[in-house]
Participant: 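This is the structure I want to talk about, given as structure tokens.
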There are 2 protein chains.
Amino acid sequence: MDDSRPADGPRRIKSVQTASEILAAIQRRPDPTFSDVCDELDASKGTVHTYLATLEEEGFVAKVDGRYRLGLRLVTMGETVRNETPLYRAGQLEVDKLADETSEYVHLTVVSRGKEVTIYESRGDNAVATDYHLRMREAPQYLHCTATGKAMLGHFDDDRVRDIIDDQGLVEQTDNTISDTDRLFDELERIRERGYAVNDEEELRGMRSIGAPIRGVDGDVCGAVSVTAPTSRLSGDRFRSEIPELVMQAANIIEVNLETTTFDPSR
Amino acid sequence: MDDSRPADGPRRIKSVQTASEILAAIQRRPDPTFSDVCDELDASKGTVHTYLATLEEEGFVAKVDGRYRLGLRLVTMGETVRNETPLYRAGQLEVDKLADETSEYVHLTVVSRGKEVTIYESRGDNAVATDYHLRMREAPQYLHCTATGKAMLGHFDDDRVRDIIDDQGLVEQTDNTISDTDRLFDELERIRERGYAVNDEEELRGMRSIGAPIRGVDGDVCGAVSVTAPTSRLSGDRFRSEIPELVMQAANIIEVNLETTTFDPSR
DNA sequence: AATCGTGTTTGTCTTTCTCAAACATTACGC
DNA sequence: GCGTAATGTTTGAGAAAGACAAACACGATT
């Protein structure tokens, strides 16, 4: 009856959770004013004020003429994360090369907490949907409707896939999105067989992608690479063999780089 | 006598400061274990543990086989910061173009809290010192010894420059670094006159750069762009006119983009 | 088998958050 | 130009949460 007790679980720092919510609120809103931020949180004005002052002092938030933004410290820290991801160092050049060869968008992604994050992107000369891709990188994306995501899911154990589906659901981003668990498992089977994944307007209408998984030194999938293009430019042979071939080659080369590159623990 | 009182100033959330310190500690150390993190903080093990668990849950920290890293949420948030910096959207293509034309490293930077942060970097085909530039982007850099930094300082008022010098000092990164206030002011005068700044091995031995300021719609400097190359490739006419010309052109075009592009507040 | 190192959990005291309300400051209407 | 509203900032004091230390678990190492 009395549910207002300590409610024991593992302990957390509530203030850190609150700060995290505030950052999320600022990220969500375009250019929030102080009261905009207050509206999104349920905490008193005074409290929010103290948090914002602290976050600003620490560089996580910046105030530009009366409005709040995320601070540049997030840029430098994000850079550190990328640089310390072996996949980034192993794959960057290859991704650039692939973008050059195809003239389209190329993405290098990793999985984190049931979604995927783009660790590096290269824009070929003809790449389209710049704005979409810009925004897309601001948040982790679903795995079930992208070529990279499906390529990676295809090489996880079924249990892990099931957990992800349970957590994230199979949100229909377009009419083509696979939103049925059984159909998704069939699709993953096919992906394993042929070695690459196809996203046929499942994420965004009018856009197709081809993605291939990248296995790390331990043999587990540690990321994926993909080429994305408008359907009109990604059809026929190019869709069925040329681009898949190039993507798988790139994935393969990145795997080799991963195995042969030493990532110095030196300062 | 009793100095251990509240010591009033503006209020801050201590837990957020602590969390920030923990993130800084993880960023500093290569791949810290739990006790590595404890060593860098003065807080009890139990406390640090609760913080790390919270930060991990929020995605700011990730635990990879027993060692801590900064989490991928920092990547997505950093991406948001870049995308919401008008200079990035206005300058990205131009920076790529300049890297193509020169085949060297090109940087687009902004000032924040007395230092500069690289908001975008493009690597030309011959660009050298990749590792240095990778690491450099992980932390804000001094303004007094880079071409971009000096280009921007040249267009701040003297008071602002003096404040920055007081805060940051004129650290000697190489033998060529300008570490004397008067000499720096003379240099800034020259920079204003000719419209671009030169970094002649002042940041890193063997490397020169040419940087030009970028003025925003309000007329104030909002960033800078630079080309960086080994001294052997950046001398003679190329150093004295060709590259400066290209850099100033790029800066100019970015300024025009800034004025003409509308940054939609739409979702 | 015992000790040491590393990481996790818990009881308790203390600090610090948080709220609400009062206080500034700027914008707005008339 | 004055009053009113809206927005942001500071403060006092109760309530909640953080911090420490010590105990606990688990492996590795001798």
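Naming: A, B, ... by sequence-line order, numbering from 1 per chain.
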Participant: Looking at A:D31 and A:R67, does any basic side-chain N land under 4.0 Å from a carboxylate oxygen?
Facilitator: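 A salt bridge is absent here (no side-chain N lies under 4.0 Å from a carboxylate O).
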
Participant: Check the distance between D:dA17's P and B:Q17's CD and give it to me in whole angstrom.
Facilitator: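 In whole Å, D:dA17 P lies 19 Å from B:Q17 CD.
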
Participant: Please enumerate all residues that pass side-chain contact (heavy atoms from CB on, under 4.5 Å) together with B:I119, with sequence neighbours excluded.
Facilitator: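 If we apply the side-chain contact (heavy atoms from CB on, under 4.5 Å) test to B:I119, skipping adjacent residues, the hits are A:L72, B:R82, B:T85, B:Y88, B:L108.
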
Participant: Tell me every residue that passes salt bridge (charged side-chain N to carboxylate O under 4.0 Å, His left out) with B:E84, counting only those two or more places apart in sequence or in another chain.
Facilitator: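 With sequence neighbours excluded, B:E84 shows a salt bridge (charged side-chain N to carboxylate O under 4.0 Å, His left out) to no residue whatsoever.
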
Participant: Taking the axis from the first five pairs and the axis from the last five, what angle separates them in the helix from C:dA1-D:dT30 to C:dC30-D:dG1, rounded to 10 degrees?
Facilitator: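 End-to-end axis angle for the helix from C:dA1-D:dT30 to C:dC30-D:dG1: 40°, rounded to 10°.
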
Participant: Going by the rule salt bridge (charged side-chain N to carboxylate O under 4.0 Å, His left out), which residues pair with A:R11 if we only count those two or more places apart in sequence or in a different chain?
Facilitator: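 Salt bridge (charged side-chain N to carboxylate O under 4.0 Å, His left out) check on A:R11 returns nothing, list empty.
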
Participant: Using a cut-off of strictly less than 4.0 Å, decide whether B:H49 has a side-chain nitrogen or oxygen near OP1 or OP2 of C:dT8.
Facilitator: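 So the side chain of B:H49 is within the cut-off, an N or O lying under 4.0 Å from OP1 or OP2 of C:dT8.
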
Participant: Do any of residues 31-39 of chain B sit with a heavy atom less than 4.0 Å from DNA chain C, and if so which?
Facilitator: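 Only B:T33, B:F34, B:S35 qualify.
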
Participant: Can you list the residues that meet the side chain to side chain donor-acceptor pair (under 3.5 Å) rule with A:R192, with sequence neighbours excluded?
Facilitator: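 Here the qualifying residues are A:E189.
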
Participant: Collect all protein-nucleotide pairs involving nucleotides 16-26 of chain C in which both atoms are nitrogen or oxygen and the distance is under 3.5 Å.
Facilitator:
unit_1	atom_1	unit_2	atom_2	d
C:dC17	OP1	B:K14	N	3.1
C:dC17	OP1	B:S15	N	3.4
C:dC17	OP2	B:R12	O	3.2
C:dC17	OP2	B:K14	N	2.7
C:dT18	OP1	A:Y51	OH	3.2
C:dT18	OP2	A:Y51	OH	2.9
C:dT18	O4	B:R11	NH1	3.0
C:dC19	OP2	A:S44	N	2.9
C:dC19	OP2	A:S44	OG	3.3
C:dC19	OP2	A:T47	OG1	3.0

Participant: In whole angstrom, give the distance that lies between atom CZ of A:R67 and atom C1' of D:dT7.
Facilitator: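 Atom-to-atom, A:R67 to D:dT7, this comes out as 12 Å.
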
Participant: Specify the separation, in whole Å, of atom NZ of B:K63 and atom C1' of C:dT6.
Facilitator: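 Rounded to the whole Å, the gap is 12 Å.
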
Participant: Tell me the ring pair (Phe, Tyr, Trp, His ring centres under 6.0 Å) pairs involving residues 64-83 of chain B, sequence neighbours left out?
Facilitator: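 Non-adjacent pairs meeting ring pair (Phe, Tyr, Trp, His ring centres under 6.0 Å): zero.
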
Participant: Who passes side-chain contact (heavy atoms from CB on, under 4.5 Å) against B:I13, sequence neighbours left out?
Facilitator: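 side-chain contact (heavy atoms from CB on, under 4.5 Å) check on B:I13 returns A:S15, A:T50, A:Y51, A:T54, B:S15, B:V16.
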
Participant: I'd like to check the side-chain contact (heavy atoms from CB on, under 4.5 Å) partners of B:S35; sequence neighbours left out, ordered by chain and number.
Facilitator: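 Applying side-chain contact (heavy atoms from CB on, under 4.5 Å) to B:S35 gives B:T33.
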
Participant: Can you list everything that forms a side-chain contact (heavy atoms from CB on, under 4.5 Å) with A:I253? Sequence neighbours excluded, please.
Facilitator: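 Residues passing side-chain contact (heavy atoms from CB on, under 4.5 Å) with A:I253: A:E94, A:N257.
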
Participant: The criterion is salt bridge (charged side-chain N to carboxylate O under 4.0 Å, His left out); which residues satisfy it with A:R137, sequence neighbours excluded?
Facilitator: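 With sequence neighbours excluded, A:R137 shows a salt bridge (charged side-chain N to carboxylate O under 4.0 Å, His left out) to A:E121, B:E79, given in chain and number order.
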
